Amino acid sequence: MPFIQDILSCRSVSLVGMEKNTGKTECLNYILKRLPVDRKKICVTSIGVDGETTDRVTLTPKPQIVMPVGCYFSTAERYYRDRKLVAELVDLSRESTPLGPVVTARSLVAGEVMLSGPSSAQALSRWMKGLEHLGIDLTLIDGALSRVSSASPAVSEAMILSTGAAVSAHMPTLLMKTAFQVEMIRLPMTIVPENEGVQLSALGGGILAGESLEQILGDRPKVIRVVGALTDRFLKRVLDTSAETEVVVKDFSRLFLSPEVYRAFQKKGGRITVEQRSRLLAVCVNPTSPTGIRFDSDTLCGRLSEQIGLPVYDIVKNRYEA
Amino acid sequence: MKLRSVLDSPCGLRWCIDELPLASSVTRRRLLDQALYTHSQAIRLAYQAVARYEQALQQAPKSWAERMHAKLCNLKDLSGSLERIAGGITLEDTELFEIKLLEILAREVQALLQETGLDFDLPCELEQVRKWLDPDDTGVATFYIYDSYSPVLTDMRKQLRAMPEGEERTELMGASLLEEARIRERLTRLLLPAVQPLRETVAMLADADLNLAKAWMMQQRNWVIPSFAEGNEAALEEFWHPQIAALLEEQGRTYQPVSLTYGDRPLLIIGSNMGGKTVVLKSLALCQYLFQAAIPLPVKQARMRVFESVYLCQGDGQDFVSGMSSFSAEMLRINEALLAVRRGEQALVLVDEPARSTNPVEGTALVEALLQVMGGLCPAMVLTTHYDLRSEAFRRMKVRGLADGKMNYALVEAPYDEVPHEALAVAAHLQLDSEWIATAQNRLKNNR
């Protein structure tokens, strides 16, 4: 049972898919089936919408989320009404979604439910705090790369990344994109003391308006602390005006960079570091896509694992039964 | 008149209401929708309840108020669900859960109040609500359509637990969900007679929250419950405007409380600029609104009387939308008060420097006439002015004014022949252009 013990050592874990249909729900079901919900209080929610029967974009069938007996879950009131399980309401939160307030319940008879919980990192943090009175041991957050904030270390302690043929029909591109994402997640922590470096907002604080970094930094060490998101545009300005600069971001969820710009920045001796590092527990793959692409699972897992130096799992094919 | 309708009066009422440490938004809504009391007996009863809470605060350990506040934070507005029950619409599990939580909250608050000897008699129907929504008598704050509601449901769930995934299980799950829906319908019907008692329970909890907040203002901010005036004369001893006092405190300055009696005879307040006359009028209006909402007052002590309405005619009412000048807006507002007292309305009329934006000759005539006309109809009129008005038809008080470079805001009786001449002294105190001040002084000397 790969990575289940790792999950149990955390207080909160986020599942992030690089694209839709990368097998995130399968991965979640795999985890839910194997977690000791009879011994541990485990609560699951989603930052988006999960558990629909059909993909709204591709109109292909999707796996439903099966909530085992004893598992806690949080979802919008509207989806709670449509549940196909027996559950006991334990909390009605003040967090609201377009589908009503977020409710938390404990599954009494296993079945299916759609999940749609708090939709921002701040709301997730408030929701987690609000559940403290229930004594939850572990929260699982079904996230999305478009809302990667759920995987921010400020929200969840660790993460699982799912990738697959839906990311690219070209295996080398899929490998490159996934390896780059993993590299971003595993960026090193900064060792620069907190009071050192120039703090610049994501809007550039002058740097995007044409001011050179030398002018901004003066005699100070070449360290820029970016408040908010770090974008290609910002990083390009840094590499155009200065070499060997360290750019510090809060965590990987603030990065909106393309591999090309990042590599160019690296070539000029630049480095990006983080204040808080995420713990990547595992990478899961779905070698098929709704458009009919099918990679060989073992080849994909093997080549990706080699590139990123981490074990890679195909949950559906291998099942990894206990 | 609802408290909400005067919330944005320039007297600073909104600030004071925001200062009340209310635990629930239900309480705030209830307070704002409450009509201002116009009978002294109603105010007396409401203040008596506040006094009981204040006594409880004094006697109970500090944690008691914190526990009460934490509990009352969970008070929610159930009016939508209660309306649905009354309308015969079946409630969802979440709504039934909310009602169960309300019943639990009411009992918990009752127990806390009883710790301090405060009565909190819940409607007897609540006991029945508890039995319906907690059929297994667990006392736990969770809810679902319990097995014990129906043997059919118990049996279905038993089978579901043992059945592997598949079509048969899906069908049985569907049947069990239908049975749940039938039970929800039955529960909603059962709750119908409890709708009014549940509404009363929400109101009682909101009142507990409000009384606790009022008592807290007494204990922490030294606000007091006033006594009732025997006749027409009201008195405020050492009152302060809490919003302005807080602003001054932020700047490291202190507020000088002042005292005043008013209400039995028109009162004219004269005195130097920056002498706090406007603040006095704001404070009078504020205290009156707070009193008629049975909220303690920011005073050392007070003797208050009830009015049917309060008119605070103050400030620049220039209305760009209707194209009115500040003078027209002001005159119309004062006229509105005049019409009200002509109708026989028992009003407190507070007018701040009327006709100040027109020429002094006509201005003086307008204010003198106002005092004569309105003063005859409305003894509870307080007016501030810089105009030279010398009539014995009204009482005159003045701000003590600048002394040794410091403003003394105390109000003292003013002789009928005294007109304050302090504008130039105040201007000099403000360190304005010296030539300007000197020229003004010379002109004044030559005119005399």
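Note that the structure is predicted; figures quoted are calculated from it, not measured. The chains referred to below are lettered A, B, ... by the order of the sequence lines, with proteins before strands, and numbering in each begins at 1.
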Short N-O contact, B/R30 and B/D209, less than 4.0 angstrom: no
Side chain, backbone, both or neither of A/R94 within contact of chain B (heavy atoms, under 4.5 Å): side chain
So for B/E98, is it side chain, backbone, both, or neither that comes closer than 4.5 Å to the heavy atoms of chain A? both
Please classify the contact between A/A105 and chain B as side chain, backbone, both or neither, with a heavy-atom cut-off of under 4.5 Å. neither
Using heavy-atom distances under 4.5 Å, tell me whether B/L96 contacts chain A through its side chain, its backbone, both, or neither. neither
Which residues from residues 68-76 of chain A are near chain B, with near meaning under 4.5 Å between non-hydrogen atoms? none
Taking the six-membered ring for Trp, is the centroid-to-centroid distance between A/Y30 and A/Y313 below 6.0 Å? no
Rounded to the nearest 0.5 Å, what's the gap from CG on B/L75 to OG on B/S24? Could you check? 4.0 Å
Quick one: of B/E180, B/R157, B/K76, who has the most non-hydrogen atom pairs under 4.5 Å with chain A? B/R157
What's the shortest heavy-atom distance between B/L102 and B/L198, and which atoms? CD2-CD2, 3.8 Å
Parallel, tilted or perpendicular: which one describes the rings of B/Y144 and B/Y146, with boundaries at 30° and 60°? tilted
Interchain contact, A/V90 with chain B, by part (heavy-atom threshold 4.5 Å): both
Chain B contact via A/E88 - side chain, backbone, both or neither, heavy atoms under 4.5 Å: both
